[in-house]
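Here the structure is a predicted model, which means the values were calculated and not measured.
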Amino acid sequence: MDFKTKCKNARAIIVLTATLIAMLLNIKYERDIIDSLIILIIVLIVFYIIATVAIKLIDKIRLMEPKTKIDNDVKRNTDESGNNTVENAEES
């Protein structure tokens with residue numbers, strides 16, 4: 001199953017949860033309807049952006065190569081050339 005299909009509803013859940021919390025706080029502090037709507041719109045936009053960035057970051061991190069593979073590639077390059085270059089010494 002693809003990552004995007006697994007996280008299809010994650011953005012909506014994050015945004016709706018934040019909006020619900022903002023709505024409950026607006027009711028608790030008895031704000032005017034216009035002020036409440038402005039706050040809710042701001043919360044919707046901000047948390048939509050945060051959720052989108054978080055999903056993209058998680059996807060990029062998930063697709064990164066594991067560190068052991070990178071270390072093995074550096075060791076293999078050092079063994080093949082017979083000497084340890086400055087770049088390989090810094091990475092080790």
*Side chain to side chain, Thr5 and Asp2, heavy atoms closer than 4.5 Å*: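 Answer yes - side chains close enough.
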*Please tell me if the side chains of Phe3 and Ile55 come closer than 4.5 Å, counting only heavy atoms from C-beta onward.*
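The answer is yes; the side chains approach within 4.5 Å.
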*Check step by step if side chain to side chain contact (heavy atoms under 4.5 Å, CB included) holds for Asn26 and Ile39.*
CA-CA 9 Å; Asn26 285 334; Ile39 291 170; 3.7 Å; yes
Cluster link [X] to [Y], ILVMFWY, side chain under 4.5 Å:
{"X": "Ile34", "Y": "Ile27", "result": "no"}
{"X": "Ile33", "Y": "Ile42", "result": "yes"}
{"X": "Ile13", "Y": "Val43", "result": "no"}
{"X": "Leu16", "Y": "Ile41", "result": "no"}

*Report the C-alpha separation of Thr52 and Lys56 in whole Å, then their side-chain angles, then the decisive distance to 0.1 Å, and conclude whether the side chain to side chain contact (heavy atoms under 4.5 Å, CB included) test is met.*
CA-CA 6 Å; Thr52 303; Lys56 287 184 180 183; 4.1 Å; yes
*Could you give the distance from CG (Leu37) to CG (Asp32), rounded to the nearest 0.5 Å?*
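Rounded to the nearest 0.5 Å, the CG-CG separation comes to 10.5 Å.
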*For the atom pair CD1 (Ile58) and SG (Cys7), what is the distance rounded to the nearest 0.5 Å?*
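SG of Cys7 is found 6.5 Å from CD1 of Ile58.
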_Considering all heavy atoms, the nearest Met23-Leu40 contact_ =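 Nearest heavy atoms, Met23 then Leu40: N-CD2, 3.7 Å.
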